[in-house]
Amino acid sequence: MSFKLLAQGLANNPASLKRLWRSHPLKDRYQVVIIGGGAHGLACAYYLAKEHGITDVAVMEKKYIGHGGSGRNTTIIRSNYLMPGNVPFYELSMQLWEGLEQDLNYNAMVSQRGVLNLYHSDPQRDAYARRGNSMRLHGVDAELLNREQVREMVPYLDFESARFPVQGGLLQRRGGTARHDAVVWGYARGADMRGVDIVQGCEVTGIRIDSGRVSGVETTRGFIAAGKVALAVAGNSSRLAGMAGLRLPIESHVLQAFVSEAIKPLIDTVITFGAGHFYVSQSDKGSLVFGGDIDGYNSYAQRGNLPVVEDVCESSMALMPMLGRLRVLRSWGGIMDMSMDGSPIIDKTPVEGLYLNSGWCYGGFKATPASGLCFAHLIARDARHAAAAAYRLDRFATGRLIDEKGAGSQPNLH
Ligand SMILES: Cc1cc2nc3c(=O)[nH]c(=O)nc-3n(C[C@H](O)[C@H](O)[C@H](O)COP(=O)(O)OP(=O)(O)OC[C@H]3O[C@@H](n4cnc5c(N)ncnc54)[C@H](O)[C@@H]3O)c2cc1C
């Protein structure tokens with residue numbers, strides 16, 4: 001593989017590069033239409049083909065694959081959750097990440113460099129101890145570090161004079177990062193190789209329902225009949241569900257990400273600041289990749305506003321004052337599908353043949369492998385996968401919420 005890359009690089013001939021997925025005429029009917037060419041939609045298509053032999057599938061993407069949050073995130077993967085409904089699901093995802101590159105035969109740059117959540121007060125330490133215990137009870141690795149152990153690991157933090165002194169941290173060594181667009185491309189390639197049609201530049205504009213059952217989708221390229229239709233459109237979930245007459249417990253908010261100029265290797269793990277909302281890692285190119293809170297208002301625009309930039313930079317300076325000398329090269333925004341309890345939905349809808357994958361909030365990238373696997377299971381078998389059994393749509397009516405960090409009707413306060 002590396003020799004092939006080198007040869008192609010030296011040849012400097014783009015035409016010699018093999019395309020990762022085909023482009024082909026759109027059929028007028030598919031067994032399954034997946035709306036949304038993000039990592040979740042593509043992973044679902046991949047597992048439908050691989051695990052269930054269902055290959056008469058189209059993934060419809062209005063722009064290009066990875067155009068949504070899947071190509072915009074800060075690439076953090078972890079399974080350090082608290083709630084019983086969440087831990088097994090995210091741990092399944094972690095285990096799938098660990099074998100993903102072999103499974104896809106594609107370099108997704110999965111890097112288990114550890115995720116360190118810092119705590120800055122006694123109550124926060126107690127909350128992290130509880131989370132760590134919950135993880136260990138589920139067989140997930142977690143270590144509660146004191147201040148000196150954290151200092152040994154990341155000596156460059158401001159331990160002494162910060163307004164919120166670092167007291168310690170919760171470490172998941174198996175957490176880390178994965179290259180987001182490589183994950184999108186790897187799943188696309190794997191699905192395409194198994195016969196799935198990936199259709200870019202085709203927007204779904206309507207969902208046709210006959211006698212309570214879905215019969216297909218209206219698109220900018222005409223009507224396409226479908227036996228089953230699956231929504232995997234993250235920040236656009238409410239819009240698409242609205243086309244089927246459904247109202248979801250989801251709000252769309254913008255989340256921003258930032259990339260600095262490249263520096264020498266400094267941060268060899270993922271660090272999150274516990275006294276504000278700030279998380280940072282260093283890319284292989286040397287840039288620091290970081291982010292913070294969602295912008296405090298609902299939006300479908302994939303761009304952010306300055307108050308949150310200021311907030312993120314303030315948090316970074318509280319933790320590592322030296323970052324004040326760095327220049328930010330790029331920033332962008334993505335649309336988040338914020339659910340009212342902070343946990344996702346992978347379920348059937350009241351419309352027969354219409355399936356929903358949504359509510360990923362800040363954390364859908366790390367969920368990609370398990371989300372794809374469980375969503376494919378649901379679509380193929382019309383039954384929930386055990387790992388996603390709690391992600392029911394009706395929990396918002398029955399009150400069986402998975403309140404990981406839900407802020408109810410104010411997701412901006414997460
Ligand atoms: C700045 C930022 C940082 C993040 N950081 C992390 C992180 O570090 N770790 C983590 O786990 N998660 C993170 N996330 C969250 C994560 O990126 C998302 O939860 C995840 O990528 C959602 O994937 P998806 O496939 O469901 O949706 P998306 O990737 O958003 O894909 C949905 C696709 O649907 C398409 N679409 C929408 N409407 C239509 C239509 N009508 N017809 C056809 N196609 C349509 C869109 O164009 C889009 O490509 C972050 C998100 C952002 C924005």
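When a ligand or atom number is given, it counts from 1 through the structure's own listing order. Heads up: numbering here begins at 1 and tracks the sequence. Being a predicted model, the structure only gives us computed values, none of them experimental. Atom set for the values below is all heavy atoms of this structure, side chains included, hydrogens, waters and symmetry mates excluded.
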S.K.: Checking contacts here: is it the side chain or the backbone of His180 that comes within 4.0 Å of ligand 1, counting heavy atoms only? Could be both or neither.
M.R.: neither
S.K.: Answer yes when Asp192 and Arg22 have at least one side-chain N-carboxylate O distance shorter than 4.0 Å, and no when they do not.
M.R.: yes
S.K.: Could you go through Asn86 and Glu404, starting from their C-alpha distance and side-chain angles, then the distance that decides it, and tell me whether this counts as side chain to side chain donor-acceptor pair (under 3.5 Å)?
M.R.: CA-CA 8 Å; Asn86 279 331; Glu404 187 72 39; 2.8 Å; yes
S.K.: I'd like to know if Glu101 and Arg179 make a salt bridge, using a cut-off of under 4.0 Å between side-chain N and carboxylate O.
M.R.: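 Salt bridge between Glu101 and Arg179, a charged N being under 4.0 Å from a carboxylate O: no.
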S.K.: Ligand 1 versus Thr74, non-hydrogen atoms closer than 4.0 Å: side chain, backbone, both, neither?
M.R.: both
S.K.: Please classify the Lys63 to ligand 1 contact at 4.0 Å (heavy-atom distances, strictly less than): side chain, backbone, both or neither.
M.R.: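 Neither part.
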S.K.: Just to be sure I'm reading this right: ignoring hydrogens, which of Arg78, His40, Glu61, Arg72 gets closest to atom 46 (C) of ligand 1? Compare them by their nearest heavy atoms.
M.R.: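 Minimum heavy-atom distance to atom 46 (C) of ligand 1 goes to Glu61.
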S.K.: Enumerate the atoms of ligand 1 whose separation from the nearest heavy atom of Gly334 is less than 4.0 angstrom.
M.R.: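 Reading through ligand 1 atom by atom, the close ones are 53 (C).
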S.K.: Is there a heavy atom of Gly363 sitting under 4.0 angstrom from any atom of ligand 1?
M.R.: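 Contact present.
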S.K.: Under 3.5 Å, side chain of Ser287 to main-chain N/O of Ser283, donor-acceptor pair present?
M.R.: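 Such a contact is absent between Ser287 side chain and Ser283 backbone.
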S.K.: Any atoms of ligand 1 less than 4.0 Å from a non-hydrogen atom of Trp360? List them with their elements.
M.R.: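 Going through ligand 1 atom by atom, the ones under 4.0 Å from Trp360 are 19 (O).
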S.K.: Please verify whether a non-hydrogen atom of Gln256 lies at under 4.0 Å from ligand 1.
M.R.: yes
S.K.: Using a 4.0 Å heavy-atom threshold (strictly under), name the region of Leu240 that reaches ligand 1: side chain, backbone, both or neither.
M.R.: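 The answer is the side chain of Leu240.
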S.K.: Here's one to test your reading of the geometry: is the NZ or CZ of Arg125 within 45 degrees of the ring axis of Tyr128 and under 6.0 Å from its centre?
M.R.: no
S.K.: Applying side-chain contact (heavy atoms from CB on, under 4.5 Å) between Lys62 and each of Val204, Thr220, Asn236, report the one that passes.
M.R.: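 Among Val204, Thr220, Asn236, the one meeting side-chain contact (heavy atoms from CB on, under 4.5 Å) with Lys62 is Asn236.
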S.K.: Can you check which of Thr219, Ile294, Ile76 brings a heavy atom nearest to atom 9 (N) of ligand 1?
M.R.: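 The residue whose heavy atom sits nearest atom 9 (N) of ligand 1 is Ile76.
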S.K.: What part of Ala232, side chain, backbone, both or neither, has a heavy atom within less than 4.0 angstrom of ligand 1?
M.R.: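 The answer is the backbone.
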S.K.: Which residue, Leu48, Asp382, Val214, forms the side-chain contact (heavy atoms from CB on, under 4.5 Å) with Lys228?
M.R.: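 Exactly one option meets the side-chain contact (heavy atoms from CB on, under 4.5 Å) with Lys228, and it is Asp382.
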S.K.: Which of the atoms of ligand 1 are close to Gly69, meaning less than 4.0 Å from one of its heavy atoms?
M.R.: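 Those of ligand 1 that fall under 4.0 Å from Gly69 are 17 (O), 21 (O), 28 (P), 29 (O), 30 (O).
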S.K.: Could you name the option among Ala39, Gly38, Ala257, Ala234 that has the heavy atom nearest to atom 27 (O) of ligand 1?
M.R.: Ala234
S.K.: Answer side chain, backbone, both or neither: which part of Ile35 comes under 4.0 Å from ligand 1, heavy atoms only.
M.R.: side chain
